Student: 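Below: one structure in structure tokens.
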Amino acid sequence: SVSVTNNASFTGSSLNLGFATGDNVQLGSFSANTTGAADLSEDSSTLITNTVQANSLRIVSTGSITNAANSTVSVTNNASFTGTSLNLGFANGDNVQLGSFSANTTSAAELSEDGSTLIANTVQSDSLRIVSTGSITNAANSTVSVTNNASFTGSSLNLGFANGDNVQLGSFSANATGAAELSEDS
């Protein structure tokens with residue numbers, strides 16, 4: 001059992017916390033600096049503060065996943081989020097840059113990225129909002145499944161044209177300074 005009232009900060013070659021059978025991890029907030037994977041499973045909501053820097057990131061939470069003002073999330077490869085909801089990149093002064101993005105939430109999944117956004121693996125949510133300072137695309141064999149509205153804001157959007165992908169949206173809205181292209185499988 002790991003219980004921390006305030007910030008829990010981890011530095012090392014990798015992090016794997018909260019995935020052991022029967023454990024209980026509850027952190028006031030989370031920050032990490034690893035050269036490899038940073039994997040966290042938390043038995044409550046997850047608040048990212050300060051800096052999370054990793055080669056890959058996986059956060060599994062029994063509650064919401066958010067970030068604090070002035071925080072930095074920098075992930076070289078895939079960043080994966082599983083929780084009741086995700087709201088990442090909308091805090092004042094934050095900086096979020098992910099190699100690729102995947103999420104599984106029972107309610108809203110919201111991402112604001114300070115660069116291009118690549119959806120990989122699976123994004124499954126009740127609603128989806130992606131705001132990007134660059135292009136928004138999806139990788140081959142990825143799945144985007146949104147029950148209600150999926151909203152995209154970026155320099156361009158190209159969703160559903162990758163080999164083997166599956167895109168199904170309840171409804172769709174986009175705001176792009178360039179082309180907005182959607183191919184939907186429903």
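Model, not experiment: these values are computed from the prediction.
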Student: Ile119 and side-chain contact (heavy atoms from CB on, under 4.5 Å): which partner among Ile130, Leu111, Thr137?
Tutor: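 With Ile119 as partner, side-chain contact (heavy atoms from CB on, under 4.5 Å) holds for just one option, Ile130.
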
Student: Where is the tightest heavy-atom contact between Ala176 and Ser156, given as atom of each residue plus distance?
Tutor: CB-CA, 4.0 Å

Student: Rounded to the nearest 0.5 Å, what's the gap from CD on Gln26 to OG1 on Thr62? Could you check?
Tutor: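 Output value for this atom pair is 7.5 Å.
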
Student: Does any non-hydrogen side-chain atom of Leu128 lie less than 4.5 Å from one of Val123?
Tutor: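 In short, these two side chains touch, coming nearer than 4.5 Å.
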
Student: Flag yes if Val25 and Leu47 sit in one hydrophobic cluster, no otherwise; membership is Ile, Leu, Val, Met, Phe, Trp, Tyr, and two members link when side-chain heavy atoms are under 4.5 Å apart.
Tutor: no

Student: Using the side-chain hydrogen bond (donor to acceptor under 3.5 Å, both in side chains) rule, take Glu184 and Ser186 through it: C-alpha gap first, then chi angles, then the decisive distance, then the call.
Tutor: CA-CA 6 Å; Glu184 193 169 359; Ser186 61; 3.2 Å; yes

Student: How about Asn158 and Glu181: does a side-chain donor come under 3.5 Å of a side-chain acceptor?
Tutor: yes

Student: Does Ser64 form a side-chain contact (heavy atoms from CB on, under 4.5 Å) with Thr84? I'd like the steps, not just the answer.
Tutor: CA-CA 5 Å; Ser64 62; Thr84 57; 4.2 Å; yes

Student: Looking only at side chains, do Ser100 and Asn78 share a donor and an acceptor under 3.5 Å apart?
Tutor: yes

Student: Could you give the distance from CG (Asn175) to OG (Ser155), rounded to the nearest 0.5 Å?
Tutor: 11.0 Å

Student: Could you grab the distance from atom CG of Asp114 to atom OG of Ser112, nearest 0.5 Å is fine?
Tutor: 6.0 Å

Student: For Thr122 and Gln124, indicate whether the former's side chain and the latter's backbone hold a donor-acceptor pair under 3.5 Å.
Tutor: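 The answer is no, because no donor-acceptor pair under 3.5 Å joins these two groups.
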
Student: Tell me whether Asn67 contacts the main-chain N or O of Gly89 through its side chain, where contact means a donor paired with an acceptor under 3.5 Å.
Tutor: yes

Student: Restricting to pairs with a member in residues 7-23, which pass salt bridge (Lys or Arg N to Asp or Glu O under 4.0 Å), not counting sequence neighbours?
Tutor: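 Matches after skipping sequence neighbours: none remain.
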
Student: Let's go through Asn87 and Glu110 carefully: what are the C-alpha distance in whole Å and the side-chain angles of both, what is the deciding distance for side-chain hydrogen bond (donor to acceptor under 3.5 Å, both in side chains) to 0.1 Å, and is it a yes or a no?
Tutor: CA-CA 5 Å; Asn87 185 293; Glu110 300 178 308; 2.8 Å; yes

Student: Is it possible for you to say whether Phe152 and Val131 belong to one hydrophobic cluster, with membership spreading through side-chain heavy-atom contacts below 4.5 Å?
Tutor: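 Result: no, two separate clusters.
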
Student: What pair of heavy atoms forms the shortest contact from Ser85 to Ser107, and how long is it?
Tutor: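 Residues Ser85 and Ser107, closest heavy atoms: CB-OG, 3.2 Å.
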
Student: Okay, side chain of Asn95, backbone of Thr72: is any donor-acceptor separation there less than 3.5 Å?
Tutor: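 No, Asn95 side chain to Thr72 backbone: no donor-acceptor pair under 3.5 Å.
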
Student: Is Ile65 reachable from Val2 through a run of I, L, V, M, F, W or Y residues, each pair having side-chain heavy atoms under 4.5 Å apart?
Tutor: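 Val2 clusters together with Ile65.
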
Student: Passes side-chain hydrogen bond (donor to acceptor under 3.5 Å, both in side chains), Ser44 versus Glu42? Steps please.
Tutor: CA-CA 5 Å; Ser44 61; Glu42 190 168 4; 3.2 Å; yes

Student: Would you check if the side chain of Ser116 reaches a backbone N or O of Gly134 as a donor-acceptor pair within less than 3.5 Å?
Tutor: no

Student: Do Ser31 and Thr51 come within less than 4.5 Å of each other through their side chains, counting heavy atoms only?
Tutor: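 No, too far: nothing below the 4.5 Å cut-off.
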
Student: In Å, rounded to the nearest 0.5 Å, how long is the span from CG of Asn77 to OG of Ser56?
Tutor: 6.5 Å

Student: Go through the steps to decide whether Leu98 and Val73 satisfy the test side-chain contact (heavy atoms from CB on, under 4.5 Å), and finish with yes or no.
Tutor: CA-CA 8 Å; Leu98 313 176; Val73 181; 4.0 Å; yes

Student: CG of Leu118 to OG of Ser142: how many Å apart, nearest 0.5 Å?
Tutor: 8.0 Å

Student: Can you list the steps and then say if Asn104 with Phe81 is a side-chain contact (heavy atoms from CB on, under 4.5 Å)?
Tutor: CA-CA 6 Å; Asn104 187 341; Phe81 304 93; over 6 Å; no

Student: List the steps, then state whether side-chain contact (heavy atoms from CB on, under 4.5 Å) holds for Leu157 with Phe172.
Tutor: CA-CA 12 Å; Leu157 171 68; Phe172 167 75; 3.6 Å; yes

Student: For Asp165, which residues count as a salt bridge (Lys or Arg N to Asp or Glu O under 4.0 Å) partner, sequence neighbours excluded?
Tutor: none

Student: Counting N and O atoms only, with roles assigned by atom type, does the side chain of Thr46 sit under 3.5 Å from a partner on the main chain of Ser61, one being a donor and the other an acceptor?
Tutor: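 Answer holds: no.
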
Student: How long is the straight-line distance from CG of Leu88 back to CD1 of Ile48, given to the nearest 0.5 Å?
Tutor: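 One finds 5.5 Å between CD1 of Ile48 and CG of Leu88.
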
